[in-house]
Every structure is written in structure tokens, then in C-alpha cells.
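The block underneath contains the structure these notes are about, expressed in C-alpha cells.
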Amino acid sequence: MNVRQLFDLTGKTAIITGGGRGLGAQIAQGLAEAGANLVLCSRKEEACRETAVRIERDTGVRCHAMACDVRRPDEVRRVAERTAEIYGRIDILVNNSGASWGAPAVEMPLEAWNKVMDINVTGTFLMSQAVGRMMIGQGGGTIINIASVAGLSGTDPQWLDAVGYSASKGAVIALTRDLAVKWGKHQIRVNAIAPGFFPTKMTREVLHHGSEQILRLTPLGRLGSDSDLKGSAVFLASDASNYMTGAVLAVDGGMSAM
């Protein structure tokens with residue numbers, strides 16, 4: 001295949017959790033521009049529906065919206081089964097749904113810790129498990145887990161004091177690598193993207209208090225843009241990365257190199 005063919009996702013089907021806004025919507029847009037049909041799901045179905053309508057109008061691909069709380073196995077299973085009914089198979093899964101909670105480690109409420117872990121880690125596992133079963137049956141597929149630079153190292157509490165979030169993203173990275181080893185024999189590739197700081201609803205408070213320090217720690221000297229994740233997502237979803245699994249791709253302006 002030539003390079004254009006390697007990156008082409010025409011005819012592929014992708015599920016993006018948390019696909020209605022923020023990084024999930026950006027990733028969904030990128031996959032659609034490469035030709036993939038989409039299912040966007042999250043607890044906020046209306047946001048997914050609005051994004052699905054826009055993407056379908058702008059790109060011409062098919063795009064469906066579904067409600068899904070990734071902590072609930074029955075809802076996860078329903079999304080996987082309905083996607084297979086609509087499109088016949090699932091080629092790509094992007095585990096993007098996430099939550100955070102800012103608090104010093106000695107003050108972190110257990111309820112908040114559990115919520116972050118349940119969404120970020122258990123939700124990623126449940127969706128991977130449900131879709132993984134289908135991918136095993138169809139002979140392969142691609143899973144992309146959205147981790148974070150916060151899962152790669154400790155963070156200064158002056159600009160990010162969210163121990164549960166950091167721990168959860170470290171767990172997502174470990175899950176990515178272990179599933180890559182376990183499912184490689186089924187031709188299922190499992191990789192992760194570790195974004196740096198992008199202006200989203202989740203990062204609004206962190207950037208309000210710590211943007212100057214974050215920019216000092218970012219060699220490129222800027223935050224992520226509304227298109228900086230598209231290429232990485234398409235790369236990992238496509239045949240262009242066909243010999244990659246268990247990898248963590250940092251898209252962080254160089255922060256993790258500091």
C-alpha cells in the first residue's frame with residue numbers, strides 16, 4: 001500500500017467514548033475525515049448527538065450517537081452490540097471517557113477517588129472487554145486508550161494536584177501494555193495516546209491557575225490545539241501503525257521530555 005492507503009479509514013467503524021466534546025470530539029472528527037463511520041457515546045447523549053450531526057454533515061460519513069455510562073457493563077454491552085448490528089463489525093475503539101478530581105492527596109475523598117478510578121480505569125477495561133470479544137471473533141481490530149502525561153510521572157501540586165487522576169492514567173498505560181501482549185495473537189493492537197494540556201472543560205480549572213508554569217514546562221511553548229490529536233489518532237487507528245502495539249504516544253508539546 002502507498003502512504004495514502006495506509007492512512008485511509010474508509011469503510012472502517014469506530015466507537016469513541018466521551019465523543020461528544022473535548023478531545024473525544026476532536027478524535028472523532030479526525031477519524032471521520034479519514035473515512036471512518038462512527039459511534040459516539042457518553043453519559044451526555046445530547047452532546048454526542050450534536051457532534052454526530054455536525055460530523056456527518058461536514059464529512060459525509062455515517063455517525064450515530066448513543067448514551068453510555070462506561071461504568072455499567074449492561075450499557076457498555078449494548079453499545080458494542082448495537083454498533084455491530086448497524087455496521088457489521090467494530091474495527092476501532094477509542095477509550096476516551098474520563099473524569100478528574102482535584103484535591104491534595106491527604107484530603108482526597110474516597111468517593112472521588114472511586115469515581116475517577118471507575119470511569120478512567122474500570123470503564124476503559126469494560127469497554128475493551130466487550131469490544132475485544134467481538135474483535136477476537138472477527139479476527140482483529142485496534143484499540144486506542146487515552147492516557148495522559150500525568151500518568152507518565154509525578155506532577156507538581158502547584159499546577160496539578162489530582163492524585164487519583166494521575167494514578168488512573170498510569171493504570172490505563174499498564175492496562176494498554178498488558179492487553180497488547182495478551183491480545184496480539186488475535187491481531188488486536190492496543191496502544192495509548194498520552195496528551196499534554198489541551199483547553200477543555202476538564203482542564204479549565206488547572207489552566208486557570210497553572211497555565212504559566214505548564215507553558216514553561218512545555219518545550220513548544222503552547223497548549224494543544226483543536227487539531228493536534230487528529231493525526232496521532234488516525235495513525236494509531238490505521239494500517240500506518242500496523243506493526244505497533246503496546247506503545248504510548250505522547251502528544252504533549254515535549255512536556256514528557258523535560
Side-chain angles (χ1 to χ4, degrees), residues 1-42 45 47-66 68 70 76 78-97 124 127-128 130-146 176 183 186-193 195 226-245 247 249 251:
M1 289 188 286
N2 63 36
V3 168
R4 290 183 183 274
Q5 292 171 321
L6 285 172
F7 284 91
D8 187 13
L9 297 178
T10 301
K12 303 288 188 181
T13 297
I15 297 174
I16 300 99
T17 70
R21 65 189 185 192
L23 301 187
Q26 181 183 151
I27 291 168
Q29 180 74 30
L31 298 186
E33 289 172 359
N37 297 312
L38 308 177
V39 168
L40 311 182
C41 63
S42 76
E45 184 179 3
C48 289
R49 187 177 296 112
E50 291 173 0
T51 299
V53 169
R54 175 180 56 77
I55 288 176
E56 198 166 57
R57 181 193 64 224
D58 293 346
T59 66
V61 305
R62 297 170 66 192
C63 192
H64 290 75
M66 300 184 193
C68 182
V70 296
V76 167
R78 180 182 56 82
V79 168
E81 291 174 351
R82 182 63 180 139
T83 301
E85 288 174 6
I86 295 170
Y87 295 113
R89 60 184 285 123
I90 304 171
D91 301 288
I92 303 155
L93 168 64
V94 181
N95 284 308
N96 171 73
S97 286
T124 295
M127 187 62 74
S128 297
V131 173
R133 287 193 186 103
M134 295 184 175
M135 288 180 171
I136 289 171
Q138 70 191 22
T142 299
I143 297 174
I144 303 169
N145 295 326
I146 304 305
T176 297
W183 289 352
H186 301 295
Q187 300 307 305
I188 299 172
R189 298 188 297 107
V190 189
N191 294 293
I193 297 174
D226 59 5
S227 62
D228 280 334
L229 275 185
K230 285 184 181 181
S232 302
V234 171
F235 171 62
L236 290 179
S238 71
D239 288 339
S241 60
N242 225 18
Y243 199 50
M244 284 180 63
T245 194
L249 188 60
V251 184

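Note: hydrogens, waters and symmetry copies are ignored here, and every other heavy atom, side chains too, is used.
- Side-chain N or O atoms of Thr59 include none that pairs as donor or acceptor with a backbone N or O of Glu33 at under 3.5 Å.
- Residue Ser232 comes nearest to Val251 through the heavy atom pair OG-CG2, 3.3 Å, listed as atom of the first residue, atom of the second, then distance.
- You'll find the side chain of Ser128 reaches within 4.5 Å of the side chain of Leu93, heavy atoms only.
- Between the SG atom in Cys68 and the CE atom in Met127 there is a gap of 4.0 Å [rounded to 0.5 Å].
- The distance from atom CG of Leu236 to atom CD1 of Ile143, rounded to the nearest 0.5 Å, is 12.5 Å.
- Atom CD of Gln26 and atom CG of Leu229 lie 4.5 Å apart (nearest 0.5 Å).
- Put simply, the side chain of Ser42 never gets that close to the backbone of Thr17: no donor and acceptor are under 3.5 Å apart.
- Annotation for Gly132 and Ile188: closest pair O-CD1, 3.9 Å, computed over non-hydrogen atoms.
- Note that CG of Leu40 and CD1 of Ile15 are 10.5 Å apart. Values are rounded to the nearest 0.5 Å.
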Next item on the list: Might you work through the side chain to side chain contact (heavy atoms under 4.5 Å, CB included) test for Asp239 and Leu6, ending with a clear yes or no?
Entry: CA-CA 5 Å; Asp239 288 339; Leu6 285 172; 4.1 Å; yes

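- Taking 4.5 Å as the limit, every side-chain heavy atom of Leu249 sits out of range of all side-chain heavy atoms of Met244.
- Taking both residues in full, the closest heavy atoms of Ala34 and Val234 are given as CB-CG1, 4.0 Å, listed atom of the first, atom of the second, then distance.
- Closest approach of Ala25 and Thr51 over heavy atoms only: CB-CG2, 4.1 Å.
- Between the Asn96 side chain and the Ile16 main chain, no donor and acceptor come within less than 3.5 Å of each other.
- Considering CG of Leu31 and CD of Gln29, their distance stands at 10.0 Å, rounded to 0.5 Å.
- Contact annotation: the side chain of Arg89 never approaches that of Met134 to less than 4.5 Å [non-hydrogen atoms, C-beta and beyond].
- Checking side-chain atoms of Thr245 against main-chain N and O of Arg189 turns up no donor-acceptor pair under 3.5 Å.
- For the residue pair Thr176 / Asn145, a side-chain donor-acceptor distance below 3.5 Å is found, with atom types taken as modelled.
- A 4.5 Å side-chain heavy-atom check between Val39 and Arg82 finds every atom pair outside the cut-off.
- Rounded to the nearest 0.5 angstrom, Asn242 CG and Gln187 CD are separated by 8.5 Å.
- When atom types are taken as modelled, the side chain of Ser241 and the backbone of Phe235 share a donor-acceptor pair closer than 3.5 angstrom.
- Across Ile55 and Ala32, no two heavy atoms sit closer than the pair CG2-CB, 3.4 Å.
- The neighbour count for Arg57 CZ, taken as heavy atoms of other residues, nucleotides or ligands under 6.0 Å away, is above 12.
- Of the possible donor and acceptor atoms, one in the side chain of Tyr87 sits under 3.5 Å from a partner among the backbone N and O of Leu38.
- No side-chain heavy atom of Ile92 sits under 4.5 Å from any side-chain heavy atom of Thr13.
- Judged by distance alone, the side chain of Glu50 and the main-chain N or O of Ala47 form no donor-acceptor pair under 3.5 Å.
- Taking both residues in full, the closest heavy atoms of Gly18 and Ser97 are given as N-OG, 3.0 Å, listed atom of the first, atom of the second, then distance.
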Next item on the list: For Thr83 and Met66, run side chain to side chain contact (heavy atoms under 4.5 Å, CB included): C-alpha distance rounded to whole Å, both residues' side-chain angles, the deciding distance at 0.1 Å, then the answer.
Entry: CA-CA 10 Å; Thr83 301; Met66 300 184 193; 4.1 Å; yes

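- The closest side-chain heavy-atom distance from Val94 to Ile146 is below 4.5 Å.
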